[in-house]
Participant: 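Attaching a single structure in structure tokens format; questions to follow.
Just so we're clear, the structure is a prediction, and the values are computed from it rather than from any experiment.
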Amino acid sequence: MLIQEIVSFITVLVVAVCVACSISVLYASGLRLWARADGDVGRELRLMTRLASAVCFAACVAIVLFALWLMIPMFH
């Protein structure tokens, strides 16, 4: 019984750390891509970096909304 609780705790800990790292990396990448689009780049590259930045921010929002859906039982 104790071993199962420890394994469950470690599983939740690893998943939480991975999700937090993923959100941090996606958000930082989105900010960096957005800033890159403001530099002296061509029009096509500016559009691509803004699009990639929007995808990173959208992924952050999707991860947060999915986590909220998992945590709030009313949505199930």
Participant: May I ask whether Phe9 and Met1 are part of the same hydrophobic cluster, defined by side-chain heavy atoms of I, L, V, M, F, W, Y residues being less than 4.5 angstrom apart, directly or through others?
Facilitator: no
Participant: What pairs meet the salt bridge (Lys or Arg N to Asp or Glu O under 4.0 Å) rule with one or both residues in residues 67-76, with sequence neighbours excluded?
Facilitator: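 For residues 67-76, and leaving out neighbouring residues, there are no salt bridge (Lys or Arg N to Asp or Glu O under 4.0 Å) pairs at all.
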Participant: Taking atom SG of Cys56 and atom CG of Leu26, what is their separation to the nearest 0.5 Å?
Facilitator: 5.5 Å
Participant: Answer yes if Ile6 and Val14 sit in the same cluster of Ile, Leu, Val, Met, Phe, Trp and Tyr residues linked by side chain heavy atoms under 4.5 Å apart, and no otherwise.
Facilitator: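 Shared cluster, yes.
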Participant: Return the set of residues passing side chain to side chain contact (heavy atoms under 4.5 Å, CB included) with Val7 (not counting sequence neighbours), or none when no residue passes.
Facilitator: Ile3, Thr11
Participant: Leu31: what forms a side chain to side chain contact (heavy atoms under 4.5 Å, CB included) with it, not counting sequence neighbours?
Facilitator: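 So Leu31 forms a side chain to side chain contact (heavy atoms under 4.5 Å, CB included) with Tyr27, Phe57.
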Participant: With sequence neighbours excluded, tell me which residues meet side chain to side chain contact (heavy atoms under 4.5 Å, CB included) with Met74.
Facilitator: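 Result, side chain to side chain contact (heavy atoms under 4.5 Å, CB included) vs Met74: Ile72.
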Participant: How does the hydrophobic cluster around Val55 look, that is, which other residues are in it when side-chain heavy atoms under 4.5 Å mark a link?
Facilitator: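 ILVMFWY cluster around Val55 holds nothing else.
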Participant: Report the residues that fulfil salt bridge (Lys or Arg N to Asp or Glu O under 4.0 Å) with Arg50, sequence neighbours left out, ordered by chain and then residue number.
Facilitator: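 Partners of Arg50 under the salt bridge (Lys or Arg N to Asp or Glu O under 4.0 Å) test: Asp38.
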Participant: If hydrophobic clusters are built by linking Ile, Leu, Val, Met, Phe, Trp and Tyr wherever their side-chain heavy atoms come under 4.5 Å apart, do Val19 and Ile10 end up in the same one?
Facilitator: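 No, because Val19 and Ile10 fall into different hydrophobic clusters, even though each may have its own neighbours under 4.5 Å.
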Participant: Is it possible for you to say whether Ile63 and Leu68 belong to one hydrophobic cluster, with membership spreading through side-chain heavy-atom contacts below 4.5 Å?
Facilitator: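 Hydrophobic grouping puts Ile63 with Leu68.
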Participant: Measure the OG1-CD distance between Thr49 and Glu44 for me, rounded to the nearest 0.5 Å.
Facilitator: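 Those atoms lie 11.0 Å apart.
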Participant: List for me each residue that meets side chain to side chain contact (heavy atoms under 4.5 Å, CB included) alongside Leu47, sequence neighbours excluded, and say none if there are none.
Facilitator: none
Participant: Tell me every residue that passes ring-ring contact (aromatic ring centres under 6.0 Å, His included) with Trp69, counting only those two or more places apart in sequence or in another chain.
Facilitator: Phe66, His76
Participant: Val17 and Val25: same hydrophobic cluster, using ILVMFWY side-chain contacts below 4.5 Å?
Facilitator: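 Per the 4.5 Å side-chain linkage, Val17 and Val25 are not co-clustered.
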Participant: Do Cys60 and Val64 have side chains that approach each other closer than 4.5 Å (heavy atoms only, starting at C-beta)?
Facilitator: no
